[in-house]
J.: 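Supplied in structure tokens, the structure appears directly below.
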Amino acid sequence: MDPRVQERDQRSHWQRTSKTLEFHRIIEMLKERALTEKAQQRLEALSPILSETELECSIRETTEAREILEHMGTPPLVSMKDLRAMIRMAVSGSFLMPEQLEYLRTVLAAVRRLKRFLDTCKMWNYSAAFYGDELNPLHVLEEEIEKKIRGNRVDERASKVLEDLCRELERLDQKMREKADAILRRNSAYCTDSFVTQKNGRLCLPVKKEHRGKIAGAVVDQSATGMTLFVEPEEVGWMSQERAGYALAREEEEKRILYELSAMVAEHAQACIRNAEVVETLDFMFAKGKLSLDMKAREPQFTRERRIIIKEGRHPFLDDEACVPLDFCLGGDIRGIVITGPNTGGKTVAIKTVGLFSLMAQCGLHVPCREGTFTMNSGVYCDIGDGQDISQNLSTFSAHITNVLSILEKTGRNSLVILDELGSGTDPQEGMGIAVAILEELRMRECLFLCTTHYPEVKTYARETAHVRNARMAFDRETLKPLYRLELGEAGESCAFYIAKSLGMPKAMLQRASQAAYGTEDISHLGAFVRETLGAEHAPRLNRKKEYKAVRKIMEQYQLGDCVLVYPEGKIGIVCRKPDEKGVLQVQLKQKKIWVSHKRVKLHVKAEQMYPEDYDFSIVFDSVETRKKRHQMERKHCEGLEIREE
């Protein structure tokens, strides 16, 4: 197979397994505990480690991070956001903005505190603590930035030249304000307000439009009504030009200082990048440690034997108080376990817990259990859930078989296979046979496997076959509640009859069910019965529309155009509307139409005897005006033209 196709196939398989066992949620929890983008990317790419040496190192990292958190608290890490982009800017010769330098200073301060934190951790002899030796706080750069950048701007005392320029600008600002105030006082009669305002960065007087010529200066703006002009006095304008020269000089000096600091950053670029790499590595480690601490997890042990042992395991997404701890053992002489028991008894949760714990352990994470021993797997393969795919026209059974066959193609001695509801979704007898065939194939491949089923024949297979063992989820027959406890060595029951009995299924129905399932009506093992027969509740009645044969006959008797006699007068008329469901029809008399009951009408001459076939009755029933309108509407659309029916 093409290596690229194989890699894509493996990646697709891992994504499917991760989602099935909800490992992707573990990844999200890890990312929430990381600060740096690089650490989050590494956590996103987390997958089972296939190198024993690398796995031991990863587990040790998680353990040390957890212990440091317990003994020393949370390390002073920082997000390092956009740090590399800033370094590239400085190296390229651009100057960094004050806010960027300020952020770099906070990063260096965090590196300094982190180094001191790790130096303290050395007393516990943690190898992770020696990452501090690779950190360079760059004290001189931090101090230089702190001295020259304050509040995200260049500090006025960053240089003697800048300090003098700022002092001169301050003097000019004060002088311009005093001059503008003096002019305003002398010309207050020509102004609309008694204070100087600033427009477009220039000091202005609010001069009445009609007195524009009274104050020499440039008009900078005007009010919305146009009645007030904002005039910069001529004397203030000259001073403003002088101030602009000083402001330009200050700006150039600030740029020089920013270039100087940026050059220092570029000079220490490698040290800054190495600091970022160390912080990101530690952030990755401590994210794993934080998750372990929050889950109250434990370091997993690994064995080269094909064995999985879990004691008091708690699924991380179940409530601790409601979750019944799982005890589980697989391996040695037993390579496969068939779990049976009632629905909602916890079978699927149990097998997903084993699969999820195996993934977490092999990814270098701690596992939420009292004790856990795991083996390295070349692959963890799952078939859990419905699996229907409408887009591919796959039924539940087809989806299961497609997935299982794909799994069997990849499965080897070092694989872990987890199958839920094996053989379901088809004819029970055939499904049972396929389930046994799949289990036998897995056994022959010598992998570790777990499956759940309801088929009694599969239980028999597990009992009579070497290296395969039954297990059941405990169920309280008195309360009919699942105990969520896995019991190895015993086959479980579906408990369907117990549940049906408790829910009120009568004796006769249970006997018929037993006869169909087991060939006997003996149900004495179910104990005393609550009810003998089902109650008879009356369903709501349907209120159907009444249909009268006589009325239907009358509706068929009269046709459009029939000549009828209308009583009691015995007048002759023509039927222009057939009878409705109540037997009322409309008759055209001389110069008028009337509605009349069929009881007052008698057929005189049938229409077919009076008119030719397809005769246009509108000649008889419509007025000349209506016929004209109808003719116009048949030829084309006529806006506003309408025909009203009587």
J.: With sequence neighbours left out, what residues match Ser47 under side chain to side chain donor-acceptor pair (under 3.5 Å)?
T.: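 Expected list: none.
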J.: Tell me, yes or no, whether the heavy-atom count around Lys31 atom NZ, taken from other residues, nucleotides or ligands under 6.0 Å, exceeds 12.
T.: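 Counting other residues, nucleotides and ligands, NZ of Lys31 exceeds 12 neighbours.
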J.: Identify each donor-acceptor pair in which a side-chain atom of residues 368-375 lies under 3.5 Å from a protein atom, sequence neighbours left out, and give them as a table.
T.:
residue, atom, partner, partner atom, Å
Arg370, NE, Glu312, OE2, 3.2
Thr375, OG1, Glu305, O, 3.2
Thr375, OG1, Arg306, NH1, 3.2

J.: Restricting to pairs with a member in residues 56-65, which pass salt bridge (charged side-chain N to carboxylate O under 4.0 Å, His left out), not counting sequence neighbours?
T.: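 Residue pairs passing salt bridge (charged side-chain N to carboxylate O under 4.0 Å, His left out), neighbours aside: Glu61-Lys288.
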J.: How about Gln41: does its CD atom have over 12 heavy atoms from other parts shown lying under 6.0 Å from it?
T.: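 Yes, CD of Gln41 has more than 12 neighbouring heavy atoms, counting only those of other groups under 6.0 Å.
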J.: Would a distance-only check, ignoring hydrogens and angles, find a side-chain to backbone donor-acceptor pair under 3.5 Å from Asn136 to Leu138?
T.: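 Confirmed, Asn136 side chain pairs with Leu138 backbone.
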J.: Under a plain distance cut-off of 3.5 Å, with no hydrogens placed, do Thr340 and His454 share a side-chain donor-acceptor pair?
T.: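 On atom types as modelled, these side chains do not qualify, holding no pair under 3.5 Å.
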J.: Near Glu22 CD, under 6.0 Å, is it more than 12 heavy atoms from other residues, nucleotides or ligands?
T.: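 Count over threshold, so yes.
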J.: Rounded to the nearest 0.5 Å, how far apart are OG1 of Thr62 and NZ of Lys290?
T.: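 Here the rounded value is 13.5 Å.
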J.: Under a 4.5 Å cut-off applied to non-hydrogen side-chain atoms, are Leu488 and Cys329 in contact?
T.: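 The answer is yes, as the side chains (C-beta and beyond) meet within the 4.5 Å cut-off.
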J.: Between Asp119 and Lys122, does any NZ, NE, NH1 or NH2 come within less than 4.0 Å of an OD or OE carboxylate oxygen?
T.: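 Result for this pair is yes, salt bridge flagged.
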J.: Are any non-hydrogen side-chain atoms of Leu359 and Thr17 less than 4.5 angstrom apart?
T.: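 Leu359 vs Thr17: side chains touch.
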J.: Let me see the working for Arg298 and His366 under side chain to side chain contact (heavy atoms under 4.5 Å, CB included), right down to the final yes or no.
T.: CA-CA 5 Å; Arg298 292 290 179 267; His366 286 182; 5.9 Å; no
J.: Any sub-3.5 Å donor-acceptor pair from Arg445's side-chain atoms to Leu408's backbone N or O?
T.: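 Between the backbone of Leu408 and the side chain of Arg445 there is a qualifying donor-acceptor contact (under 3.5 Å).
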J.: Kindly give the heavy-atom pair with the smallest separation between Leu326 and Ala350, and that separation in Å.
T.: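 For Leu326 and Ala350, the tightest heavy-atom pair comes out as CD2-O, 3.9 Å.
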J.: Looking only at heavy atoms, which two atoms of Met376 and Leu55 are closest? And how far apart?
T.: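 Nearest pair, atom of Met376 first, then Leu55: CG-CD2, 3.7 Å.
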J.: Give, for atom CG of Leu118 and atom CG of Leu282, the distance between the pair rounded to the nearest 0.5 Å.
T.: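 Interatomic distance, Leu118 CG to Leu282 CG, rounded to 0.5 Å: 6.0 Å.
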J.: May I ask you to test the Phe328-Ile337 pair for a side-chain heavy-atom distance under 4.5 Å?
T.: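 Yes. Closest side-chain heavy atoms under 4.5 Å.
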J.: Kindly compute the distance separating CG (Leu21) from OG (Ser358), expressed to the nearest 0.5 Å.
T.: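 These two atoms lie 9.0 Å from each other.
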J.: Could you check Tyr381 against Trp14 for ring pair (Phe, Tyr, Trp, His ring centres under 6.0 Å), going step by step and ending with a plain yes or no?
T.: CA-CA 9 Å; Tyr381 305 99; Trp14 165 240; over 10 Å; no
J.: Where do Leu356 and Met360 land on the side chain to side chain contact (heavy atoms under 4.5 Å, CB included) test, with the steps shown first?
T.: CA-CA 6 Å; Leu356 180 59; Met360 291 177 67; 4.0 Å; yes
J.: Is there a donor-acceptor pair under 3.5 Å between the side chain of His467 and the backbone N or O of Asp333?
T.: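 Side chain of His467 to backbone of Asp333: a pair is present.
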J.: When you measure from the centre of the six-membered ring of Phe317, is the NZ or CZ of Arg25 closer than 6.0 Å and no more than 45° off the axis?
T.: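 Satisfied, under 6.0 Å and within 45°.
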J.: Does the side chain to side chain contact (heavy atoms under 4.5 Å, CB included) test come out yes or no for Tyr131 and Met285, once each step is laid out?
T.: CA-CA 12 Å; Tyr131 275 104; Met285 292 168 48; 3.9 Å; yes
J.: Testing the basics here: between Thr453 and Leu422, what is the closest heavy-atom pair and its distance to 0.1 Å?
T.: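 Looking at all heavy atoms of both residues, the closest pair is OG1-O, 3.9 Å.
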J.: Under 4.5 Å between any side-chain heavy atoms of Val458 and Thr460, yes or no?
T.: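 No; the side chains remain at least 4.5 Å from each other.
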J.: If you look at every heavy atom in Leu330 and Phe449, which pair is closest and at what distance?
T.: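 Reported closest heavy-atom pair: CD2-O, 4.2 Å.
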J.: Going by atom type alone, with no hydrogens or angles, which donor-acceptor pairs under 3.5 Å involve a side-chain atom of residues 73-87 and a protein atom two or more places apart or on another chain?
T.:
residue, atom, partner, partner atom, Å
Ser79, OG, Lys81, N, 3.4
Ser79, OG, Tyr103, OH, 3.3
Arg84, NH1, Glu280, OE2, 2.6
Arg84, NH2, Glu280, OE1, 3.0

J.: Distance from Asp383 atom CG to Ile438 atom CD1, nearest 0.5 Å?
T.: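 It comes to 8.5 Å.
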J.: Evaluate Arg472 against Ile339 for side chain to side chain contact (heavy atoms under 4.5 Å, CB included), listing each step before the verdict.
T.: CA-CA 5 Å; Arg472 68 182 180 188; Ile339 304 176; over 6 Å; no
J.: Ignoring hydrogens, what is the shortest heavy-atom contact between Gly364 and Ser58? Give both atom names and the distance.
T.: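 So the two residues come closest at CA-OG, 3.4 Å.
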J.: Heavy atoms, side chains only, cut-off 4.5 Å: are Leu46 and Leu365 in contact?
T.: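 Yes, at least one pair of side-chain atoms sits under 4.5 Å.
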J.: Using 4.0 Å as the upper bound for N to carboxylate O, is an ion pair formed by Asp294 and Arg33?
T.: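 Yes, Arg33 and Asp294 are salt-bridged.
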J.: Hey, does Cys451 have a side-chain heavy atom less than 4.5 Å from the side chain of Leu439?
T.: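 A side-chain contact under 4.5 Å exists here.
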J.: On a heavy-atom basis, which atom in Ala128 and which in Ile68 lie closest, and how many Å separate them?
T.: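 In terms of heavy atoms, the two residues are closest at CB-CD1, 4.3 Å.
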J.: Is any side-chain heavy atom of Val111 less than 4.5 Å from a side-chain heavy atom of Leu135?
T.: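 A side-chain contact exists here, since the closest heavy-atom pair is under 4.5 Å.
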J.: Taking side chain as C-beta onward, heavy atoms only, is Thr281 less than 4.5 Å from Arg42?
T.: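 Yes, at least one pair of side-chain atoms sits under 4.5 Å.
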J.: Output yes when a side-chain donor or acceptor of Asn470 lies under 3.5 Å from a complementary backbone atom of Ala462, and no otherwise.
T.: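 A pair under 3.5 Å: no.
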J.: Can a donor-acceptor pair be found between the side chains of Ser406 and Lys410 at a distance below 3.5 Å?
T.: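 Side-chain D/A pair, Ser406 to Lys410: present.
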J.: Do any pairs count as a ring pair (Phe, Tyr, Trp, His ring centres under 6.0 Å) and have a residue in residues 38-79, sequence neighbours left out, and if so which ones?
T.: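 Residue pairs passing ring pair (Phe, Tyr, Trp, His ring centres under 6.0 Å), neighbours aside: His71-Trp124.
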J.: For the atom pair CD1 (Ile418) and CD1 (Ile384), what is the distance rounded to the nearest 0.5 Å?
T.: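 These two atoms lie 5.5 Å from each other.
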J.: As an exercise, state the distance from OG1 of Thr452 to CG of Asp420, rounded to the nearest 0.5 Å.
T.: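 Answer rounded to 0.5 Å: 3.5 Å.
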J.: One pair to check against salt bridge (Lys or Arg N to Asp or Glu O under 4.0 Å): Glu52 and Arg304. What are the steps and the verdict?
T.: CA-CA 10 Å; Glu52 188 174 8; Arg304 292 188 177 181; 3.1 Å; yes
J.: Quick check against the 3.5 Å criterion: does Arg66 have a side-chain atom that pairs as donor or acceptor with the backbone of Ser292?
T.: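 Such a contact is found between Arg66 side chain and Ser292 backbone.
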J.: By side-chain contact (heavy atoms from CB on, under 4.5 Å), which residues pair with Glu440, not counting sequence neighbours?
T.: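 Once residues adjacent in sequence are excluded, the partners of Glu440 under the side-chain contact (heavy atoms from CB on, under 4.5 Å) criterion are Arg443, Met444, Tyr461, Thr465.
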J.: State which residue, out of Val367, Leu291, Thr353, Ile26, fulfils the side-chain contact (heavy atoms from CB on, under 4.5 Å) condition with Pro316.
T.: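 It is Ile26, the one option of Val367, Leu291, Thr353, Ile26 that forms the side-chain contact (heavy atoms from CB on, under 4.5 Å) with Pro316.
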